[in-house]
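First the structure, in the form of structure tokens, and then the observations on it.
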Amino acid sequence: MSQVIDTCGLSCPQPVLMFLTAAKAGGTDFEILVDNDASRENVSRAAANNGFAVETEDKEQGITLIRAKK
Amino acid sequence: MKSIGNFFASTTGIIVVGLLLGCIAVFLQLSGNPGNMGVCVVCFNRDIAGGLGLHRAAVVQYLRPEIMGMVLGALAAALCFGEFKARGGSSPITRFVLGVVAAMGALVFLGCPWRVILRLAGGDGNALFGFAGLVVGIGVGTLFFRRGFSLGRSTAQAKASGWVMPLIMLGLVALYLLYPPVAGQEQSGVLFYSLKGPGAAHAPFLLSLGGGLLVGFLAQRSRFCTMGAVRDVLLFRQWHLALGFAAMLASAFALNFFLGNFHAGFEAQPIAHTQSLWNFMGMVTAGLAFALAGGCPGRQLFMAGEGDNDAAVFVLGLIVGAALAHNFGMASSGAGIGAHGDVAALGGLVICLIIGFCNCKRGA
């Protein structure tokens with residue numbers, strides 16, 4: 001089951017830090033919610049750089065769901 | 001249009017933006033802006049504070065159109081690409097104080113991180129100490145982030161609130177046009193204009209505004225951030241933003257070099273002093289303030305243009321802090337630090353450390 005990380009309302013670097021901390025703890029399957037484009041790009045880039053396959057899906061109210069899987 | 005936006009956020013995109021920003025900055029210097037100060041967000045907000053009469057240091061008073069352009073350019077980009085979103089409520093008063101402290105620290109060094117780049121690109125060795133201070137300050141900031149530092153989540157605000165800072169900037173443009181500089185006069189209507197010193201050195205209005213608009217547009221698309229460039233390397237080993245920083249330095253250096261404007265050394269550099277310790281300490285304080293606030297002063301302008309009220313509050317803090325720095329004798333000059341410059345750097349550092357410790361392990 002995917003681990004959900006809600007970063008809505010947070011700005012850099014916290015969304016990336018939350019994801020990387022969870023990934024370092026051994027997680028391999030994440031659903032990350034972001035609500036701004038800078039965070040979407042930063043988290044996607046960090047996930048890709050760490051060997052995750054990344055998919056994004058636009059949700060309502062400007063929220064994007066990033067799926068990061070190893 | 002999203003695909004174009006993605007280009008600017010790509011590795012190539014951030015490098016292209018960095019190269020362009022370096023060129024724009026040097027072009028503005030050639031067009032009349034002060035030496036190694038094609039774009040300096042803190043210096044220019046200080047000049048705006050002077051232009052509005054918030055401080056009366058006669059040599060640094062001018063309503064810099066670059067700042068208005070940077071906010072309005074980012075606004076235009078955000079509107080074009082559907083990224084304008086009014087948001088706020090993440091510790092606004094703390095961000096205001098961080099803005100005040102950042103301005104005070106940066107004015108001890110005499111420049112924000114953008115000017116660190118431009119001073120290095122012009123051969124000013126004193127900026128090496130500023131850059132070292134910036135890295136240390138941001139490094140301390142990353143330690144707080146590792147301990148769970150957060151100023152809390154922002155929430156969606158009424159759309160109109162996102163327009164307040166862009167409208168303030170439009171108002172400043174209108175004020176400038178209503179009361180333009182008049183040769184030989186210190187005042188035009190309600191505005192103050194320097195007759196000598198850095199405030200009197202400026203590119204023509206349309207070039208300044210146009211340059212600012214272009215910088216704002218490009219930086220909004222690419223998320224260019226001079227603080228994030230250092231922070232991401234220290235915190236995540238991510239070099240994306242650092243490539244933009246390096247590209248801006250490279251293009252500004254190359255242009256200066258080929259135009260004969262590169263003068264390596266420490267003495268007699270434009271609008272700079274040689275007190276290395278305070279060049280370093282001023283930027284430790286400013287770097288930490290930028291790190292805790294989540295963006296360099298340029299990035300704060302761009303986010304304010306996207307509708308981010310928290311960034312807008314930081315920008316107001318910068319303007320007030322710059323005014324206070326001059327009123328309280330904290331700002332440096334070419335002769336050295338101000339009478340109370342040490343208090344600004346060290347007191348500001350203590351304030352940042354208190355903010356850092358008091359905001360760990362909450363919110364996120």
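Per chain, numbering begins at 1; letters A, B, ... match sequence-line order. Bear in mind that the values here come from a model prediction, so they are computed numbers and not experimental data. No hydrogens, no waters, no symmetry mates; every other heavy atom, side chains included, goes into these values.
Among the candidates B:Leu235, B:Thr155, B:Asp232, the residue making the largest number of heavy-atom pairs closer than 4.5 Å to chain A is B:Leu235. Each of A:Gly62, A:Ser11, A:Ala46, A:Pro13 has some count of heavy-atom pairs under 4.5 Å with chain B, and the biggest count is that of A:Pro13.
A search for side chain to side chain contact (heavy atoms under 4.5 Å, CB included) contacts involving B:Ile351 returns B:Val97, B:Val101, B:Ile355, not counting sequence neighbours.
At a 4.5 Å heavy-atom cutoff, the contact between A:Leu17 and chain B is made by backbone and side-chain atoms alike. Only the side chain of B:Arg299 comes within less than 4.5 Å of a heavy atom of chain A; its backbone N, CA, C and O stay farther away. Within the 4.5 angstrom heavy-atom criterion, no atom of B:Arg87 approaches chain A. Neither the backbone nor the side chain of A:Asn50 has a heavy atom closer than 4.5 Å to any heavy atom of chain B.
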Donor-acceptor contacts, no H, no angles, side chain residues 73-81 of chain B, under 3.5 Å, sequence neighbours left out:
none

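A:Val43 is not listed as a side-chain neighbour of A:Thr7, based on a closest heavy-atom distance of 4.5 Å or more.
Between B:Arg221 and B:Glu83 a salt bridge is recorded (basic side-chain N to carboxylate O distance below 4.0 Å). With salt bridges taken as basic N to acidic carboxylate O contacts below 4.0 Å, none links B:Lys85 and B:Glu306.
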